[in-house]
A.B. asks: 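After the structure tokens below, expect a handful of questions from me.
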Amino acid sequence: FAPHGYCENDCAELLRARLPQIRCSVMDWFSYRDGVWEKTNRDEFRPMARECIHPRQRQARRIMDVIGNVESAFQVRASDFYGASRILNDGRILINGSNGVIEFSQPDNVRFRSHSPDDGFLAKLNTAYDTQAACPAFDSLVCSALPAPADQELLQCFARSILYPRCHYEACLVCFGEGATGKSTLAEGIRLVLGPSLCGSLDLADLCDSSSYALPGLKHKMLNLGSELKATEVGESAGFKKLVSGEFLNVRQIYGSP
């Protein structure tokens, strides 16, 4: 702990030295672990802050002052965080895999490197990057569910667009057909590659309703999978079109600000 005689800056410096890698955005705390910045409750560090203050000077208010000092020191912008992919100013595309970062500078120039906290990723793919990986079961399912080569290519084009960090292609895929023909199984295969943290599951009614409290949950998601499609829900489609096109949409969480 700090020497006798309370000094907030001294105690905060001691706490900063003991903390893991931390970043703060307003009052939200994030700690870096295994390639992603995970949202953390700052109250978890109150015992650590208490230990940095001399026993004779420990008070609840001072503990919170020390945490607040650290919170101010580690402030970053909310825009410094990304989902599992991003585009750098020089045009390079970064995708955060489970075992490292895939970096594309050109379509034929791919580099694989270790995770870095400077990337600002809040999530990562559920799968590892492996140039030798094969997926015979999924390939077989695609061939049986979509016999036409053009349909197979369309599915693969859409799957590739999911990894692109922007909605540049304004792509939305609608799969229709009889039951038990492999639609849900194909979608599940794609979902498992991304992982649950990168997939939403809002239905068309929520996507079309700009006042839906569920829409903020799509932030940093790479894909939304809706299992059912009802034509009667497309009456007000302006919000849905904005989502597909990557336009800004004014939404808010329940009891929250827009």
Side-chain angles (χ1 to χ4, degrees), residues 20-26 28-40 76-107 109-133 135 138 155-173 186-202 206-207 214-226 242-249 251 253:
Q21 294 191 71
I22 292 290
R23 287 183 182 177
C24 303
S25 178
V26 190
D28 292 331
W29 285 50
F30 300 85
S31 60
Y32 187 74
R33 187 180 297 109
D34 296 332
V36 297
W37 289 97
E38 298 178 347
K39 197 167 184 179
T40 306
V76 298
R77 297 169 299 182
S79 59
D80 291 333
F81 291 111
Y82 304 86
S85 61
R86 59 178 295 196
I87 297 182
L88 303 181
N89 293 332
D90 59 8
R92 283 178 295 161
I93 296 174
L94 306 183
I95 299 175
N96 201 26
S98 65
N99 61 337
V101 177
I102 310 110
E103 182 178 304
F104 300 87
S105 55
Q106 293 178 359
N109 191 352
V110 181
R111 184 170 76 96
F112 181 68
R113 60 170 174 81
S114 301
H115 294 120
S116 170
D118 295 332
D119 294 326
F121 289 124
L122 295 174
K124 58 184 177 180
L125 301 184
N126 195 41
T127 48
Y129 178 69
D130 180 3
T131 57
Q132 304 301 317
C135 45
F138 186 79
L155 177 68
Q156 292 195 7
C157 284
F158 177 77
R160 289 194 290 266
S161 74
I162 295 171
L163 298 175
Y164 193 71
R166 295 175 182 165
C167 297
H168 178 75
Y169 299 103
E170 303 186 15
C172 168
L173 183 67
L186 284 173
E188 180 66 8
I190 296 174
R191 189 189 72 84
L192 289 174
V193 170
L194 302 175
S197 65
L198 290 171
C199 293
S201 57
L202 303 186
D206 282 325
L207 294 177
L215 284 174
L218 291 180
K219 187 176 183 180
H220 298 310
K221 295 289 191 289
M222 299 183 85
L223 175 68
N224 183 77
L225 280 171
K242 287 183 177 181
L243 288 170
V244 174
S245 301
E247 300 178 28
F248 286 102
L249 191 66
V251 300
Q253 294 176 327

A.B. asks: CD of Q253: more than 12 outside heavy atoms within 6.0 angstrom?
C.D. replies: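 Not buried by this count: 12 neighbours or fewer within 6.0 Å.
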A.B. asks: Is S85 reaching over with its side chain to a backbone N or O of Y164, donor-acceptor style, under 3.5 angstrom?
C.D. replies: no
A.B. asks: Does NZ in K221 sit with more than 12 non-hydrogen atoms of other residues, nucleotides or ligands closer than 6.0 Å?
C.D. replies: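 Yes, enclosed.
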A.B. asks: Please determine whether the number of non-hydrogen atoms from other residues, nucleotides or ligands lying under 6.0 Å from atom CZ of R111 exceeds 12.
C.D. replies: yes
A.B. asks: Is there a side-chain contact (heavy atoms from CB on, under 4.5 Å) between V110 and T131 once you walk through the steps?
C.D. replies: CA-CA 11 Å; V110 181; T131 57; over 6 Å; no
A.B. asks: Does the side chain of V244 reach to within under 4.5 Å of the side chain of L207, using non-hydrogen atoms?
C.D. replies: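 SC-SC contact between V244 and L207 ruled out.
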A.B. asks: Which class fits the ring pair F81 and F30: parallel under 30°, tilted 30 to 60°, perpendicular over 60°?
C.D. replies: tilted
A.B. asks: Check the surroundings of atom CG in D90: do more than 12 heavy atoms from other residues, nucleotides or ligands lie under 6.0 Å from it?
C.D. replies: yes
A.B. asks: Nearest 0.5 Å, what's the CD1-CD1 distance between I93 and I102?
C.D. replies: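 One gets 11.5 Å once the value is rounded to the nearest 0.5 Å.
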A.B. asks: Within the distance-only criterion (no hydrogens, no angle test), does the side chain of S116 pair as donor or acceptor with the backbone N or O of D118 below 3.5 angstrom?
C.D. replies: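 Yes; judged by distance alone, with no hydrogens or angles, the pair exists.
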A.B. asks: What's the separation between atom CG in L94 and atom CG in L88, rounded to the nearest 0.5 Å?
C.D. replies: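 Answer for the CG-CG pair, L94 versus L88, is 4.0 Å.
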A.B. asks: For R166, does the CZ atom have more than 12 heavy-atom neighbours from other residues, nucleotides or ligands under 6.0 Å away?
C.D. replies: no
A.B. asks: Would you say the side-chain atoms of S31 pair up with the backbone N or O of W29, donor to acceptor, closer than 3.5 Å?
C.D. replies: no
A.B. asks: For D34, is the CG atom crowded, meaning more than 12 foreign heavy atoms sit under 6.0 Å from it?
C.D. replies: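 Counting other residues, nucleotides and ligands, CG of D34 stays at 12 neighbours or fewer.
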A.B. asks: Just so I know, are the side chains of L122 and V36 near enough to count as touching, which here means a heavy-atom distance under 4.5 Å?
C.D. replies: no
A.B. asks: How long is the span from the CG atom in L155 to the CZ atom in R160, to the nearest 0.5 Å?
C.D. replies: 9.5 Å
A.B. asks: Tell me whether N126 contacts the main-chain N or O of V193 through its side chain, where contact means a donor paired with an acceptor under 3.5 Å.
C.D. replies: no
A.B. asks: Under the 3.5 angstrom rule, does the side chain of N99 hit a backbone N or O of A128 as a donor-acceptor pair?
C.D. replies: no
A.B. asks: Determine whether a donor-acceptor pair (N or O, by modelled atom type, separation under 3.5 Å) exists between the side chain of N96 and the backbone of G35.
C.D. replies: yes
